[in-house]
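Numbers for residues simply follow the sequence, beginning at 1. All values below come from the heavy atoms of this structure, side chains included, with hydrogens, waters and symmetry mates left out.
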Amino acid sequence: MLSVKQELLAALAGELEKLSPGAGARAAFENPKVAAHGDFACTAAMQLAKPLQQNPRALGEQLKAALEATPAFGQWVQAIEIAGPGFLNIRLKPAAKQQIVSEVLAQGARFGFQGDRGEKVLVEFVSANPTGPLHVGHGRQAAIGDAISNLYATQGWRVHREFYYNDAGVQIDTLTKSTQLRAKGFKPGDACWPTDADNPLAKNFYNGDYIADIAQAFLNKETVKADDREFSANGDVEDYDNIRQFAVAYLRNEQDKDLQAFNLKFDQYYLESSLYANGHVDATVQRLVANGKTYEQDGALWLKSTDYGDDKDRVMRKQDGTYTYFVPDVAYHIQKWQRGFAKVVNIQGTDHHGTIARVRAGLQAAQVGIPQGYPDYVLHTMVRVVKNGEEVKISKRAGSYVTLRDLIEWTSKDAVRFFLLSRKPDTEYTFDVDLAVAQNNDNPVYYVQYAHARICSVLRGWRESYDVAELRDVDLAALDGPQAQALMLLLAKYPEMLTAAAQGNAPHDVTFYLRDLAAAYHSYYDAERILVDDERVKRARLALVAATAQVLHNGLAVLGVSAPARM
């Protein structure tokens with residue numbers, strides 16, 4: 001059907017060009033909001049009426065007659081109807097819709113994919129501080145980032161997944177001091193914990209049980225691996241640097257385990273500390289100063305960020321000589337650009353909203369050729385977790401929040417991914433643990449996966465060791481019922497849905513589509529028996545459901561969710 005649509009669009013473009021030179025390039029079909037109005041809609045007559053100084057309905061009649069005379073419309077279109085002031089509602093012949101079944105079965109797992117466009121995109125996500133286990137907010141970011149990466153891959157982009165570790169700054173000192181106190185035998189609640197004279201941020205020490213685990217591993221002189229490097233503890237509770245290196249490596253290793261449980265892999269882990277070690281931060285500051293984009297005031301160095309639309313200028317270097325957190329971010333994004341990533345998407349929490357203007361201002365002030373609006377941002381809200389009807393706010397392991405691993409252990413990797421992707425990233429979301437494990441139609445991931453498993457069961461009923469390749473060239477003429485046609489029309493929308501979802505960084509659109517497709521399949525299954533005696537009808541219906549299973553499988557793969565053959 002995709003090839004049919006292209007034929008019809010080409011015919012439409014030709015007729016529009018005859019009416020108004022240049023109009024052919026804007027040939028397009030819309031999807032009617034009401035299915036009863038047809039399969040495609042065309043508004044060209046209303047768009048051209050004013051420049052051509054004609055009545056839109058009369059122009060619609062003229063265009064209708066011209067289209068009906070074309071070979072493509074004659075072959076594939078059942079009827080064209082004029083509606084309202086000049087809408088063209090187009091109804092396809094069953095044979096036109098049936099084409100999609102052969103196209104899906106021929107392309108298989110590549111159905112919906114576009115050709116290699118030769119361009120790279122870097123998607124940065126999770127990027128958690130190595131100061132504790134990954135929480136459910138990180139889980140939402142992991143699901144969104146991985147799905148967006150998969151969406152870009154379907155559109156021919158060469159995708160690079162990157163995790164940025166903030167392994168420098170106050171939070172690392174807090175982690176180190178917390179671990180050191182635990183190693184010395186102290187614990188939250190002890191007198192020294194909130195009143196440590198060496199650290200005014202003592203009240204922010206990390207209180208979770210995982211800190212005690214790190215301290216014990218340190219005292220045991222254990223070795224942990226991070227980034228294929230090994231870090232060994234020496235057990236000396238006074239060796240602050242060794243405690244810091246070991247604690248960071250220990251937590252990076254723990255976070256890797258969380259990500260593995262989520263079936264998530266990154267192409268690169270980029271360390272904030274490397275920006276300092278390699279001189280990138282100092283070079284960025286020097287460039288901004290040399291470009292005249294900074295000034296000294298009150299003992300601090302300021303960026304003239306208001307020159308680039310920020311609501312106020314921002315401090316870059318504080319009075320104590322340390323840099324504010326957005327400065328290494330600017331250096332990091334210059335490195336992204338210089339590594340050849342002309343397109344970058346950052347997945348971050350909504351609490352990072354304030355950094356967008358200052359980072360972009362710094363990138364423009366650096367004058368290294370980076371375009372305005374670089375990078376793109378997708379911001380997400382946090383997640384509430386409800387279990388047994390009550391909100392869960394803490395984890396014994398983490399101390400103050402529910403971890404991603406908790407959520408996976410309570411439910412499943414598939415449920416966590418699908419649920420966290422089922423709403424727009426910037427909308428509040430409540431994760432219902434009880435719903436996520438329910439085996440009924442109220443559970444969206446179960447509903448979609450069950451549709452796939454149900455089809456596999458039908459195919460096994462046809463032949464235990466079935467081969468879908470046998471169904472690629474069957475006669476599809478029997479697929480003329482309303483439920484079958486509705487299902488085929490929905491299959492045909494999958495590629496354009498992927499394209500729109502990628503362009504909008506909107507993986508939730510995939511979850512909506514899959515739920516609609518599962519519903520369409522269940523309706524078809526209830527309306528028509530598939531394993532009938534008539535061999536021609538049976539094979540046609542088997543081809544349709546096999547194509548549906550393939551698209552369900554493909555869409556779930558974009559989300560990082562499995563498509564079980566049995567449930």
Chemist: With a 3.5 Å distance limit and no angle check, can you tell me whether Ser412 reaches the backbone of Ile408 through a side-chain donor-acceptor pair?
Modeler: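 No; zero donor-acceptor contacts below 3.5 Å.
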Chemist: Would you call Arg339 and Glu162 a salt bridge, using N to O less than 4.0 angstrom?
Modeler: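 Answer for the salt bridge query: yes.
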Chemist: With sequence neighbours excluded, what pairs up with Lys120 under the salt bridge (Lys or Arg N to Asp or Glu O under 4.0 Å) test?
Modeler: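 Lys120 satisfies salt bridge (Lys or Arg N to Asp or Glu O under 4.0 Å) with no residue once adjacent residues are dropped.
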Chemist: Does atom OH of Tyr525 have more than 12 heavy-atom neighbours from other groups under 6.0 Å away?
Modeler: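 Atom OH in Tyr525 is not crowded, with 12 or fewer foreign heavy atoms closer than 6.0 Å.
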Chemist: Could you tell me whether the side chains of Glu103 and Ser3 share a donor-acceptor contact shorter than 3.5 Å?
Modeler: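 A pair is found: one side chain offers a donor N or O, the other an acceptor, under 3.5 Å apart.
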Chemist: Only counting residues at least two apart or in another chain, list the ones meeting salt bridge (Lys or Arg N to Asp or Glu O under 4.0 Å) with Arg117.
Modeler: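 Glu119.
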Chemist: Between the main-chain N or O of Val126 and the side-chain N or O of Gln141, is there a donor-acceptor pair closer than 3.5 Å?
Modeler: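 Checked: pair present.
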Chemist: Does Asn346 reach the main-chain N or O of Glu124 with its side chain, forming a donor-acceptor pair under 3.5 Å?
Modeler: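 Not at all, since once roles are kept as given, no pair shorter than 3.5 Å links the two residues.
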Chemist: Is there any side-chain hydrogen bond (donor to acceptor under 3.5 Å, both in side chains) pair reaching into residues 368-378, and which pairs are they, with sequence neighbours excluded?
Modeler: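 Passing the test, one end in residues 368-378: Lys343-Asp376.
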Chemist: Using a 3.5 Å distance criterion without hydrogens, assess whether the side chain of Gln54 forms a donor-acceptor pair with backbone atoms of Ala45.
Modeler: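 Here the side-chain-to-backbone pair does not exist.
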Chemist: For His138, is there any backbone N or O sitting under 3.5 Å from a side-chain donor or acceptor partner on His135?
Modeler: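 Confirmed, His135 side chain pairs with His138 backbone.
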Chemist: Above 12 or not: heavy atoms from other molecules or residues under 6.0 Å from CD of Glu535?
Modeler: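 Above 12, so yes.
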Chemist: Quick one: which residue pairs count as a salt bridge (charged side-chain N to carboxylate O under 4.0 Å, His left out) with a foot in residues 418-446, not counting sequence neighbours?
Modeler: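 Counting only pairs at least two positions apart or across chains, no salt bridge (charged side-chain N to carboxylate O under 4.0 Å, His left out) contact touches residues 418-446.
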Chemist: Going by the rule ring-ring contact (aromatic ring centres under 6.0 Å, His included), which residues pair with Tyr524 if we only count those two or more places apart in sequence or in a different chain?
Modeler: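 So Tyr524 forms no ring-ring contact (aromatic ring centres under 6.0 Å, His included) with any residue.
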Chemist: Can you list the residues that meet the salt bridge (Lys or Arg N to Asp or Glu O under 4.0 Å) rule with Glu7, with sequence neighbours excluded?
Modeler: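 Residues passing salt bridge (Lys or Arg N to Asp or Glu O under 4.0 Å) with Glu7: none at all.
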Chemist: Table please: side-chain donor-acceptor pairs of residues 502-520 below 3.5 Å, with sequence neighbours left out.
Modeler:
| unit_1 | atom_1 | unit_2 | atom_2 | d |
| --- | --- | --- | --- | --- |
| Asn505 | OD1 | Tyr152 | OH | 2.9 |
| Thr511 | OG1 | His508 | O | 2.7 |
| Tyr513 | OH | Leu490 | O | 2.8 |

Chemist: Is there a donor-acceptor contact under 3.5 Å from the side chain of Gln449 to the main chain of Ser562?
Modeler: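 It does hold such a pair.
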Chemist: So, Asp146 versus Ser149: side-chain donor-acceptor pair below 3.5 Å or not?
Modeler: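 Distance-only check fails for Asp146 and Ser149.
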Chemist: Using modelled atom types only, decide if a donor and an acceptor are shared between the side chain of His352 and the backbone of Gln348 within a distance under 3.5 Å.
Modeler: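 A pair under 3.5 Å: no.
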Chemist: Could you list all the side-chain hydrogen bond (donor to acceptor under 3.5 Å, both in side chains) pairs where at least one residue sits in residues 465-479, not counting sequence neighbours?
Modeler: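 For residues 465-479: Arg463-Glu470.
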Chemist: Is the distance between the ring centroids of Tyr332 and Tyr164 under 6.0 Å?
Modeler: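 Yes, they do, as the ring centres are separated by less than 6.0 Å.
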Chemist: Against the six-membered ring of Tyr308, is Arg360 placed for a cation-pi contact (under 6.0 Å from the centre, within 45° of the normal)?
Modeler: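 No.
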Chemist: Would you call Glu409 and Arg405 a salt bridge, using N to O less than 4.0 angstrom?
Modeler: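 No, no charged N to carboxylate O under 4.0 Å.
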Chemist: Whether the side chain of Asp480 engages the backbone of Pro94 through a donor-acceptor N/O pair (distance < 3.5 Å, no angle test) should be reported.
Modeler: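 No; zero donor-acceptor contacts below 3.5 Å.
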Chemist: Return yes when atom CG of Asp533 has more than 12 non-hydrogen atoms of other residues, nucleotides or ligands closer than 6.0 Å, and no otherwise.
Modeler: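 Open.
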Chemist: Going by the rule salt bridge (Lys or Arg N to Asp or Glu O under 4.0 Å), which residues pair with Arg384 if we only count those two or more places apart in sequence or in a different chain?
Modeler: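 Applying salt bridge (Lys or Arg N to Asp or Glu O under 4.0 Å) to Arg384 gives Glu391.
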Chemist: Side chains of residues 19-40: which donor-acceptor pairs under 3.5 Å do they make with residues two or more places apart or in other chains?
Modeler:
| unit_1 | atom_1 | unit_2 | atom_2 | d |
| --- | --- | --- | --- | --- |
| Asn31 | ND2 | Glu496 | OE2 | 3.1 |
| Asp39 | OD1 | Lys97 | NZ | 3.3 |
| Asp39 | OD2 | Leu92 | N | 2.8 |
| Asp39 | OD2 | Lys97 | NZ | 3.4 |

Chemist: Restricting to side-chain contact (heavy atoms from CB on, under 4.5 Å), what partner residues turn up for Ser457, sequence neighbours left out?
Modeler: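 side-chain contact (heavy atoms from CB on, under 4.5 Å) check on Ser457 returns Arg460.
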Chemist: Would you mind listing every side-chain hydrogen bond (donor to acceptor under 3.5 Å, both in side chains) that reaches into residues 547-556, with sequence neighbours excluded?
Modeler: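 Sorted pair list: Gln550-Asn554.
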